[in-house]
> 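Handing you a structure now.
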Amino acid sequence: MSTDIKNILVMFNKLTDVITTTSATLVELKDLISGLNHHVATAEQRVSNMEDAQQDLNHEVMELRKHMADLCSKVDDQENRARRNNIRIVGFPEGVEHETLPELLKLPSGTSLEVERAHQSLAPKPAEGQRSHPFIVKFLRYQVREQILTTTRSLDTLEWNGSRILMFPDLSWDLMERRWRFMPIKKVLREKGLKYGLFYPATLKLTCDGETRSFMEPK
């Protein structure tokens, strides 16, 4: 009987040791989990801070892009205002002067165009058979420039010594590209016989059934 009691006491002591060891292990695990939770919370806070910083940075980038777009638009507007009295002439043979314009446009003899300056674009001289450089003419008065363009539109074709001559407003490349986007639309409108006009800087106005609508972009 005493032997059984001793065995029970031994087993009880062993069980106590196991419980003590397990309790210590649980405490260590609890401390470890608490530490991990702290690290996770710290990491989550850092991620949140980074997301906030990224959001602020994205907002700043958007604002900078908007500011740059506004500046580019203002610069382009100033460039086109500086070209307001200009006409770009394509097809003039090399060496032909602007004094031929009245004869080309069939204007009355002695008509003064009041030209401020005229020059061909700066580029190497084209090879024989290639189209000559555009000829830029700046008039002293905007009304003369408009008269020239109106007269050009009233004539079927313009030719000088066998060369076909084309005249356009002298616009910045950016604005010309914006206006060129309407070319396919204008072709369709002409084929359908609809009344339209492309107005400065790049606004298409379409009149249909007595109603006029404006478009800033091709649709």
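Treat the numbers as computed from the prediction; the structure is a model and nothing was measured. Throughout, residue positions are numbered sequentially from 1 according to the sequence presented.
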> Output yes when a side-chain donor or acceptor of S34 lies under 3.5 Å from a complementary backbone atom of K30, and no otherwise.
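Such a contact is absent between S34 side chain and K30 backbone.
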> Name all residues meeting the side chain to side chain donor-acceptor pair (under 3.5 Å) criterion together with Q143; count only those two or more places apart in sequence or in a different chain, and write none if there are none.
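With neighbours one apart ignored, the set is empty.
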> Nearest 0.5 angstrom please: L36 CG to L32 CG, how far?
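Atom-to-atom, L36:CG and L32:CG are 4.5 Å apart.
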> Apply side chain to side chain donor-acceptor pair (under 3.5 Å) to S172 and list each qualifying residue two or more places apart in sequence or on a separate chain.
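Side chain to side chain donor-acceptor pair (under 3.5 Å) list for S172, sorted by chain: D76, N80.
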> Which side-chain N or O atoms in residues 82-92 pair as donor and acceptor under 3.5 Å with protein atoms at least two apart or in another chain?
unit_1: R83; atom_1: NE; unit_2: E79; atom_2: OE2; d: 3.4
unit_1: R83; atom_1: NH1; unit_2: D170; atom_2: OD1; d: 3.1
unit_1: R83; atom_1: NH1; unit_2: L171; atom_2: O; d: 2.9
unit_1: R83; atom_1: NH2; unit_2: E79; atom_2: OE2; d: 2.7
unit_1: N85; atom_1: ND2; unit_2: F139; atom_2: O; d: 3.2
unit_1: N85; atom_1: ND2; unit_2: L140; atom_2: O; d: 3.4
unit_1: N86; atom_1: ND2; unit_2: D170; atom_2: OD2; d: 3.1
unit_1: R88; atom_1: NE; unit_2: D170; atom_2: OD1; d: 3.3
unit_1: R88; atom_1: NH2; unit_2: D170; atom_2: OD1; d: 3.0

> Run the side chain to side chain donor-acceptor pair (under 3.5 Å) test against Q54 and tell me which residues pass, sequence neighbours left out.
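Expected list: N58.
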> What pair of heavy atoms forms the shortest contact from R181 to E217, and how long is it?
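The answer is NH1-OE1, 3.7 Å.
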> Excluding sequence neighbours, so at least two apart, what forms side-chain contact (heavy atoms from CB on, under 4.5 Å) with E146?
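So E146 forms a side-chain contact (heavy atoms from CB on, under 4.5 Å) with Y142, L149.
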> Return the NZ to OG1 distance between K195 and T212, rounded to the nearest 0.5 Å.
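OG1 of T212 is found 7.5 Å from NZ of K195.
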> Membership question, hydrophobic clusters at under 4.5 Å side-chain separation (ILVMFWY): are F168 and L175 in the same one?
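No; tracing contacts between hydrophobic side chains, which count when under 4.5 Å, never links both residues.
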> Supply the atom-to-atom distance D52 CG to L57 CG, rounded to the nearest 0.5 angstrom.
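CG of L57 is found 12.5 Å from CG of D52.
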> Shared ILVMFWY cluster between M167 and M176, side chains joined below 4.5 angstrom?
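M167 does not cluster with M176.
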> Residues two or more places apart in sequence or in another chain: which of them pass side chain to side chain donor-acceptor pair (under 3.5 Å) with D56?
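So D56 forms no side chain to side chain donor-acceptor pair (under 3.5 Å) with any residue.
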> Can you tell me how far the NZ atom of K66 sits from the CG atom of L71, to the nearest 0.5 Å?
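Answer rounded to 0.5 Å: 12.5 Å.
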> How long is the span from the NE2 atom in H59 to the CE atom in M62, to the nearest 0.5 Å?
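Output value for this atom pair is 8.0 Å.
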> What pairs with E114 under salt bridge (charged side-chain N to carboxylate O under 4.0 Å, His left out), at least two apart in sequence or on another chain?
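Result, salt bridge (charged side-chain N to carboxylate O under 4.0 Å, His left out) vs E114: R141.
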> Just wondering, more than 12 heavy atoms not from Q55 lying within 6.0 Å of its CD?
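No, because the 6.0 Å sphere around CD of Q55 holds 12 heavy atoms or fewer from other groups.
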> List in chain and number order the residues that pass salt bridge (charged side-chain N to carboxylate O under 4.0 Å, His left out) with E191, two or more places apart in sequence or in another chain; answer none if no residue qualifies.
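For E191 there are no salt bridge (charged side-chain N to carboxylate O under 4.0 Å, His left out) partners, ignoring immediate neighbours.
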> Clusters formed by hydrophobic residues whose side-chain heavy atoms approach within less than 4.5 Å: which one holds F182, and what are its other members?
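I185, L189, L194, Y196, L198, L204, L206, F215, listed by chain and number.
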> Side-chain heavy atoms under 4.5 angstrom apart, residues restricted to Ile, Leu, Val, Met, Phe, Trp, Tyr: same cluster for V115 and W160?
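Yes, V115 connects to W160 through the hydrophobic network.
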> Taking side-chain contact (heavy atoms from CB on, under 4.5 Å) as the test, write out the residues that go with M183, two or more places apart.
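If we apply the side-chain contact (heavy atoms from CB on, under 4.5 Å) test to M183, skipping adjacent residues, the hits are W180, K186.
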> Please enumerate all residues that pass side-chain contact (heavy atoms from CB on, under 4.5 Å) together with S73, with sequence neighbours excluded.
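With sequence neighbours excluded, S73 shows a side-chain contact (heavy atoms from CB on, under 4.5 Å) to no residue whatsoever.
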> Show, in sequence, the C-alpha distance, side-chain angles and deciding distance for I148 and L101, and conclude whether the side chain to side chain contact (heavy atoms under 4.5 Å, CB included) test is met.
CA-CA 9 Å; I148 297 296; L101 284 177; 5.7 Å; no
> To the nearest 0.5 Å, what is the distance between CG on D70 and NZ on K74?
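The NZ atom of K74 is 6.5 Å from CG of D70, to the nearest 0.5 Å.
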> Counting distance only, does the side-chain N/O of R179 pair as donor-acceptor with the main-chain N or O of P201 below 3.5 Å?
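Checking the backbone N and O of P201 against the side chain of R179, a donor-acceptor pair under 3.5 Å is found.
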> For R81, what residues pass the salt bridge (charged side-chain N to carboxylate O under 4.0 Å, His left out) criterion, not counting sequence neighbours?
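With sequence neighbours excluded, R81 shows a salt bridge (charged side-chain N to carboxylate O under 4.0 Å, His left out) to D77, given in chain and number order.
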> Do I136 and L105 share a hydrophobic cluster (ILVMFWY, side-chain heavy atoms under 4.5 Å, transitive)?
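No; tracing contacts between hydrophobic side chains, which count when under 4.5 Å, never links both residues.
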